[in-house]
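Because only heavy atoms are used, hydrogens play no part in the values below, and waters and symmetry mates are left out as well, while side chains stay in.
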Amino acid sequence: MSTERRKDLIAFARTYNSFIFEDDYNSEFWFAGPPMPSLQGMDDSGHVIYAGTMSKILYPSLRLGFLVVPERLVEPIIKTRSILDQHSSPIDQATLARFITEGYFLSHVRRIRRIYADRRDFFIDQFNTLLSEHFRLQISEAGLHLVAWLRNPEDLLLVQRFTETDKINPARLLAYCVKARLDPAFVFGFAAWTKAQIRESLLKLANFLKRNQTNL
């Protein structure tokens, strides 16, 4: 979201005395210039609940996240948390706290950001080389996924048929919307794959589309 849209959303929450839940799980992975400010950082009226997680930064099985909440919600959320499952593992929390305070967390983020940036650049290059005839790739400045819009809506059934028969399984962008009506698009992840795996997967999709369009 642009800065202006963020300001408008905060103003909306303030006007209607409502809360915004900001799930900012990919904010560490910003690849172009300084990161955008979070909604919580821009909010001076206590209407944003900020959520973060270590699952994307460290590893999913750690199962540790955190909330930054307005002061008036601290006690209700503590009580709610105690009802749900008491608390997370004290050993895991203590280990993570030491990992952060001794500086290892920041060095880890810097290292993994370089790795993901390299994979992202390679993915963009290979995608545009192999699939630009079929997709328009939307380049985002942050995150571990990219959106590719189909140039020809009639290719939608072909891509869906490919994802049903192969382990490559980009998600429909529509799956992330509630009521929006969108042109056909898919969400591709790049962070979990090596360069060889990225090229192999994109090449298989390109060859499938070329072969099946020829047969139409």
Hey, quick one: are Leu157 and Leu174 part of the same hydrophobic cluster, counting side-chain heavy atoms closer than 4.5 Å, chains of contacts allowed?
no
Side chain to side chain, Leu146 and Ser140, heavy atoms closer than 4.5 Å
yes
In short, Tyr104 meets Ser107 closest at the heavy-atom pair O-OG, 2.8 Å
Counting only heavy atoms not in Phe99, do more than 12 fall under 6.0 Å of its CZ?
yes
Check this for me: does any side-chain nitrogen of one of Lys195 and Asp118 sit under 4.0 Å from a carboxylate oxygen of the other?
yes
With a 3.5 Å distance limit and no angle check, can you tell me whether Ser132 reaches the backbone of Thr129 through a side-chain donor-acceptor pair?
no
Student check: side-chain heavy atoms of Asp183 and Pro153 closer than 4.5 Å:
no
Once you measure the plane-to-plane angle for His47 and Phe19, does it fall in the parallel (<30°), tilted (30-60°) or perpendicular (>60°) bin?
tilted
For Ile91, I'd like to know if atom CD1 has over 12 heavy atoms of other residues, nucleotides or ligands within 6.0 Å.
no
Taking the side chain as C-beta and beyond, is there a heavy-atom pair between Glu22 and Ser38 under 4.5 Å?
yes
With no hydrogens and no angle check, is any side-chain donor or acceptor of His108 less than 3.5 Å from a backbone partner on Leu106?
no
In this structure, are over 12 heavy atoms from other groups packed under 6.0 Å from Gln93 atom CD?
yes
Crowding at OH, Tyr16 (>12 non-hydrogen neighbours, <6.0 Å):
no
With heavy-atom distances below 4.5 Å as the criterion, would you say the side chains of Ile198 and Phe127 are in contact?
no
Closest approach of Trp149 to Ala185 (non-hydrogen atoms, all atoms of both residues)
CE3-CB, 3.5 Å
Using the ring of each side chain (for Trp, its six-membered ring), is Phe162 parallel, tilted or perpendicular to Phe208, with breaks at 30° and 60°?
tilted
Over all heavy atoms of both residues, which pair between Phe123 and Gly189 is shortest? Give the atoms and the distance, please.
CE1-O, 4.4 Å
Using 4.0 Å as the upper bound for N to carboxylate O, is an ion pair formed by Asp125 and Arg120?
no
Please check this pair: side chain of Arg6 against backbone of Met1, looking for a donor-acceptor N/O pair closer than 3.5 Å.
yes
Does Arg119 reach the main-chain N or O of Phe190 with its side chain, forming a donor-acceptor pair under 3.5 Å?
no
Take Glu75 and Ile78, measure what side-chain contact (heavy atoms from CB on, under 4.5 Å) needs, and give me the verdict at the end.
CA-CA 5 Å; Glu75 286 303 320; Ile78 289 175; 4.2 Å; yes
Show the numbers, then the answer: is there a side-chain contact (heavy atoms from CB on, under 4.5 Å) between Leu156 and Arg172?
CA-CA 10 Å; Leu156 176 60; Arg172 288 281 307 276; 3.9 Å; yes
On a heavy-atom basis, the closest approach of Ile57 and Phe29 is CA-CZ, 4.3 Å
OG/Ser27 to NZ/Lys56 distance, rounded to the nearest 0.5 angstrom?
13.0 Å
Distance in Å, Asn212 CG paired with Lys210 NZ, rounded so as to fall on 0.5 Å steps:
12.5 Å
Linking I/L/V/M/F/W/Y whenever their side-chain heavy atoms sit closer than 4.5 Å, directly or via other members, would Leu84 and Ile49 fall into one cluster?
no
Just wondering, more than 12 heavy atoms not from Glu102 lying within 6.0 Å of its CD?
yes
Look up atom CZ in Arg161 and atom CG in Asp155, then write down how far apart they are to the nearest 0.5 Å.
11.0 Å
So if I apply the side chain to side chain contact (heavy atoms under 4.5 Å, CB included) rule between Phe186 and each of Val147, Leu150, Leu173, which one comes out positive?
Leu150
Do Trp30 and Met36 come close enough that some side-chain heavy atom pair is under 4.5 Å?
yes
Rounded at 0.5 Å granularity, tell me how far CZ in Arg113 sits from CD in Glu28.
8.0 Å
Check this for me: Arg5, atom CZ, are more than 12 non-hydrogen atoms of other residues, nucleotides or ligands nearer than 6.0 Å?
no
Take Thr3 and Met42 through the test side-chain contact (heavy atoms from CB on, under 4.5 Å) and record every step on the way to the result.
CA-CA 9 Å; Thr3 300; Met42 298 172 64; 4.1 Å; yes
Arg110/Phe105 under side-chain contact (heavy atoms from CB on, under 4.5 Å): CA gap, chis, key distance, verdict:
CA-CA 9 Å; Arg110 287 194 291 267; Phe105 178 76; over 6 Å; no
Same cluster or not: Leu205 versus Leu203, using hydrophobic residues (I, L, V, M, F, W, Y) connected whenever any side-chain heavy atoms lie under 4.5 Å apart?
yes
Do Ile115 and Trp193 land in one hydrophobic cluster if side-chain heavy atoms of ILVMFWY residues count as linked below 4.5 Å?
yes
Above 12 or not: heavy atoms from other molecules or residues under 6.0 Å from CZ of Arg98?
no
Would you call Tyr176 and Val187 a side-chain contact if the rule is heavy atoms closer than 4.5 Å?
yes
For Gly143 against Phe31, the heavy-atom pair lying closest together:
O-CE1, 3.2 Å
Do Arg199 and Thr194 pair up side chain to side chain, a donor and an acceptor below 3.5 Å, judged on atom types alone?
no
One should read off an interatomic distance between Leu209 CG and Asn152 CG, to the nearest 0.5 angstrom, of 10.5 Å
Side chain Asp43, main chain Gly46, donor-acceptor under 3.5 Å
yes
Leu73, Leu39: one ILVMFWY side-chain cluster at the under-4.5 Å cut-off?
no
How long is the straight-line distance from CG of Leu9 back to CD1 of Ile20, given to the nearest 0.5 Å?
3.5 Å
Can you check whether Phe188 reaches Ser201 side chain to side chain, under 4.5 Å on heavy atoms?
no
Do Leu64 and Thr53 come close enough that some side-chain heavy atom pair is under 4.5 Å?
no
